Amino acid sequence: GCEVDFNAWTQQPNEKPNVALSGLRTNGGHVHASYDMTKLPAAKHIMVRACDVFLGSVLSQIDSDSRRRNLYGMAGAYRPKPYGFEYRVPSNIWIAKDQNIELVYNQMAAMFAYMEANPKSTFDEDRQTVEQAINNSNPEAFEMLNAKYNVVSSNAVG
């Protein structure tokens, strides 16, 4: 009964998963982002791509459970909202520890700071690396993103 979500990389709706066949129940730890779109005019799907780089790649190193991502939370998953967007990649693992809640806050702040400083970024060239980091919890892909964007120090993850 949920409304459709979209893929920021393909700009197409994500296929609705058949949860009845999976036998798996999941929870999301979605992040809602609101911002002044007149001051930060990047398209919402570009902002979501930035979230993949600065937040999704980091959280995938904390939560390597791919079962949920087979249904929900693949790289680029979001819903546009009038105030911004709902970033649907994270599971709810980050709400269990204060340090992870702080990490999410800090990573979102870093993402917004990056986009303010680099408003023309599209991250097109990073798609495969982002998808590997998030969809497969690939540590090498995460390290590539971290080296390129100074996403977060590795010892802050976990």
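These numbers come from a predicted model, not from an experiment.
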d(Arg49 CZ, Lys44 NZ) to nearest 0.5 Å is 15.5 Å

Of all heavy-atom pairs linking Met108 and Leu55, the shortest is SD-CD2, 3.7 Å

Under a 4.5 Å cut-off applied to non-hydrogen side-chain atoms, are Asn135 and Met74 in contact?
-> yes

Can you tell me how far the NE2 atom of His45 sits from the SG atom of Cys51, to the nearest 0.5 Å?
-> 13.0 Å

Decide yes or no on side chain to side chain contact (heavy atoms under 4.5 Å, CB included) for Trp94 and Ile62, but give the supporting numbers first.
-> CA-CA 8 Å; Trp94 65 271; Ile62 296 169; over 6 Å; no

Do the ring planes of Phe85 and Tyr78 sit parallel (below 30°), tilted (30 to 60°) or perpendicular (above 60°)?
-> perpendicular

Can you name the closest pair of heavy atoms from Pro82 and Met37 and give their distance?
-> O-CE, 3.3 Å

Could you check if a side-chain atom of Ile93 sits within less than 4.5 angstrom of a side-chain atom of Asn100, using non-hydrogen atoms only?
-> no

Partner of Val130 under side chain to side chain contact (heavy atoms under 4.5 Å, CB included), chosen from Phe123, Phe142, Trp9 = Trp9

Do Leu40 and Phe54 share a hydrophobic cluster (ILVMFWY, side-chain heavy atoms under 4.5 Å, transitive)?
-> yes

What is the minimum heavy-atom distance between Leu145 and Ser57, and which atoms define it?
-> CD1-CB, 3.8 Å

Take atom OH of Tyr83 as the centre, draw a 6.0 Å sphere, and report whether it contains more than 12 heavy atoms from other residues, nucleotides or ligands.
-> yes

Worked verdict on Tyr87 versus Asp52 for side chain to side chain contact (heavy atoms under 4.5 Å, CB included) = CA-CA 9 Å; Tyr87 185 58; Asp52 275 352; 2.6 Å; yes

Verify the neighbour count for atom CG of Asp36: are there more than 12 heavy atoms of other residues, nucleotides or ligands below 6.0 Å?
-> yes

Under the side chain to side chain contact (heavy atoms under 4.5 Å, CB included) criterion, do Thr129 and Lys148 qualify, and how do the steps go?
-> CA-CA 11 Å; Thr129 307; Lys148 183 174 183 177; over 6 Å; no

Pairwise side-chain contact, Asn138 with Glu131, heavy-atom cut-off 4.5 Å (strictly under) | no

Cluster link Phe112 to Tyr105, ILVMFWY, side chain under 4.5 Å = no

Starting at CD of Gln11, measure out to CD1 of Ile46 and round the result to the nearest 0.5 Å.
-> 7.0 Å

Measuring from Lys120:NZ to Met115:CE, what's the distance to the nearest 0.5 Å?
-> 12.0 Å

Kindly indicate whether the side chain of Asp126, heavy atoms from C-beta on, has any atom under 4.5 Å from the side chain of Met144.
-> no

Return the minimal non-hydrogen interatomic distance between Ala133 and Ser60, and the atom names on each side.
-> O-OG, 2.7 Å

Where Glu125 and Tyr149 come nearest, the two heavy atoms and their spacing = OE2-OH, 3.7 Å

Search all heavy atoms of Ala8 against all heavy atoms of Val48 and return the closest pair with its distance.
-> CB-CG1, 3.6 Å

Would you find a donor on one side and an acceptor on the other, under 3.5 Å apart, between the side chain of Arg88 and the backbone of Arg79?
-> no

About how many Å separate CG of Asn14 and CZ of Phe6, when rounded to the nearest 0.5 Å?
-> 8.5 Å

List the steps and the verdict of side chain to side chain contact (heavy atoms under 4.5 Å, CB included) for Leu59 and Val104.
-> CA-CA 8 Å; Leu59 291 177; Val104 168; 4.1 Å; yes

